[in-house]
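Computed from a predicted structure; not experimentally measured.
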Amino acid sequence: MNEIIFLFDIARLGYRLYKKESDNLNLKIYGNRIVSQKECKFLDIVKIKWGLNQNTLGNLYKSLVGSILDYSFPCLNSFSENNIKKLQTIQITAVRSILKLKYDTPSNIVHHEAFNKLKLLTVSNRLFELSERYVGTGLSHSIPLVVRLVKEYKEGFESRYIEYPTPLSFSSLQKTNK
């Protein structure tokens with residue numbers, strides 16, 4: 001059976017009433033009287049230190065959150081830019097917590113630190129990398145659906161200028177250059 005143990009400093013323990021019905025309560029713990037306070041400090045009971053280092057916390061993030069992003073990347077690629085930014089905000093918050101960065105640390109510095117210390121890519125870069133790998137593997141193993149998709153993509157966009165490369169355009173260029 002699990003037990004939860006609370007440790008109190010009787011000398012600092014107090015209570016505060018929010019109704020003026022009864023100011024004279026006779027509250028006691030182990031025979032010691034608890035006095036009424038005009039101001040109370042909350043959650044100053046026990047401070048917990050996890051003792052996990054940055055690498056362990058980074059691996060936990062990658063295992064628990066990163067794996068969800070990785071396995072659902074085909075669906076996430078159809079997300080709007082706004083929804084990708086929301087996912088990125090979650091990642092930035094986690095990285096700030098893991099690396100103990102201040103809340104006002106600029107996002108570009110958080111991304112840089114995440115990559116250097118935790119080997120974490122931004123959400124959009126990770127999705128691009130996974131898509132690129134998926135298409136590349138499909139082409140290298142001659143998976144008919146992927147080969148057809150790249151062929152149709154090349155035929156539809158060969159005469160156009162592509163401003164933002166996609167995994168399909170990148171993979172099709174690599175395949176034709178080999």
Side-chain angles (χ1 to χ4, degrees), residues 1-4 42-43 45-178:
M1 179 179 198
N2 294 338
E3 293 181 11
I4 298 175
F42 297 100
L43 301 176
I45 300 170
V46 178
K47 293 181 182 176
I48 299 172
K49 184 177 178 186
W50 285 91
L52 299 176
N53 64 28
Q54 290 176 353
N55 289 334
T56 304
L57 291 171
N59 287 335
L60 273 172
Y61 173 83
K62 289 177 197 173
S63 299
L64 299 174
V65 178
S67 63
I68 294 170
L69 294 175
D70 289 357
Y71 286 114
S72 58
F73 88 90
C75 301
L76 294 177
N77 277 328
S78 64
F79 265 29
S80 68
E81 191 175 324
N82 219 15
N83 287 331
I84 296 293
K85 284 181 182 179
K86 288 177 185 178
L87 291 173
Q88 188 61 52
T89 302
I90 293 168
Q91 184 181 40
I92 287 174
T93 304
V95 168
R96 279 190 178 118
S97 177
I98 291 168
L99 298 179
K100 297 180 180 154
L101 299 173
K102 291 182 179 179
Y103 181 75
D104 59 352
T105 305
S107 296
N108 60 339
I109 292 174
V110 175
H111 295 310
H112 181 75
E113 292 294 312
F115 183 74
N116 286 340
K117 293 183 178 175
L118 304 173
K119 305 299 181 229
L120 263 180
L121 295 171
T122 62
V123 172
S124 55
N125 286 350
R126 179 67 178 157
L127 293 176
F128 186 87
E129 180 187 90
L130 290 169
S131 298
E132 186 179 75
R133 211 182 288 168
Y134 176 80
V135 172
T137 304
L139 288 173
S140 68
H141 290 87
S142 299
I143 296 173
L145 178 63
V146 176
V147 171
R148 192 175 116 212
L149 186 63
V150 170
K151 181 182 172 201
E152 288 176 8
Y153 186 86
K154 279 175 54 179
E155 287 172 359
F157 290 103
E158 246 175 8
S159 62
R160 297 182 191 171
Y161 172 73
I162 300 172
E163 187 175 351
Y164 300 106
T166 66
L168 283 176
S169 64
F170 187 73
S171 296
S172 63
L173 290 174
Q174 279 187 330
K175 192 70 171 173
T176 56
N177 291 338
K178 289 184 180 177

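- The two residues A114 and L99 come nearest to each other via the heavy atoms N-CD1, 4.2 Å.
- Contact check for I109 versus E113: side-chain heavy atoms found under the 4.5 Å cut-off.
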Under 3.5 Å, side-chain donor or acceptor atoms of residues 57-65 against the rest of the protein: list the pairs with distances, not counting sequence neighbours.
from : atom 1 : to   : atom 2 : distance (Å)
N59  : ND2    : N55  : O      : 3.3
K62  : NZ     : L118 : O      : 2.6
S63  : OG     : N59  : O      : 2.8

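- Partners of K119 by salt bridge (Lys or Arg N to Asp or Glu O under 4.0 Å), not counting sequence neighbours: none found.
- Formation of a donor-acceptor pair under 3.5 Å by the R126 side chain with backbone atoms of F73 is not found in this model.
- Looking at residues two or more places apart in sequence or on another chain, you find no side chain to side chain contact (heavy atoms under 4.5 Å, CB included) involving S97.
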For this session: Give the intermediate values and the outcome of side chain to side chain donor-acceptor pair (under 3.5 Å) for residues T56 and N53.
Result: CA-CA 5 Å; T56 304; N53 64 28; 2.8 Å; yes
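- Nearest heavy-atom pair, V123 versus Q88, reported as atom, atom and distance to 0.1 Å: N-OE1, 2.6 Å.
- Remark: the backbone N or O of H111 is not paired with any side-chain donor or acceptor of Q91 at under 3.5 angstrom.
- Remark: N82 CG to L87 CG distance equals 11.0 Å, nearest 0.5 Å.
- With S72 contributing its side chain and C75 its backbone, the two residues share no donor-acceptor pair below 3.5 Å.
- The CG atom of N108 sits 12.0 Å away from atom OG1 of T122, with the distance rounded to the nearest 0.5 Å.
- Closest non-hydrogen pair, N77 versus L127, comes out as OD1-CB, 3.6 Å.
- Residues L130 and L76 fail the side-chain proximity criterion, which asks for heavy atoms closer than 4.5 Å.
- Taking both residues in full, the closest heavy atoms of I92 and S107 are given as CD1-OG, 3.7 Å, listed atom of the first, atom of the second, then distance.
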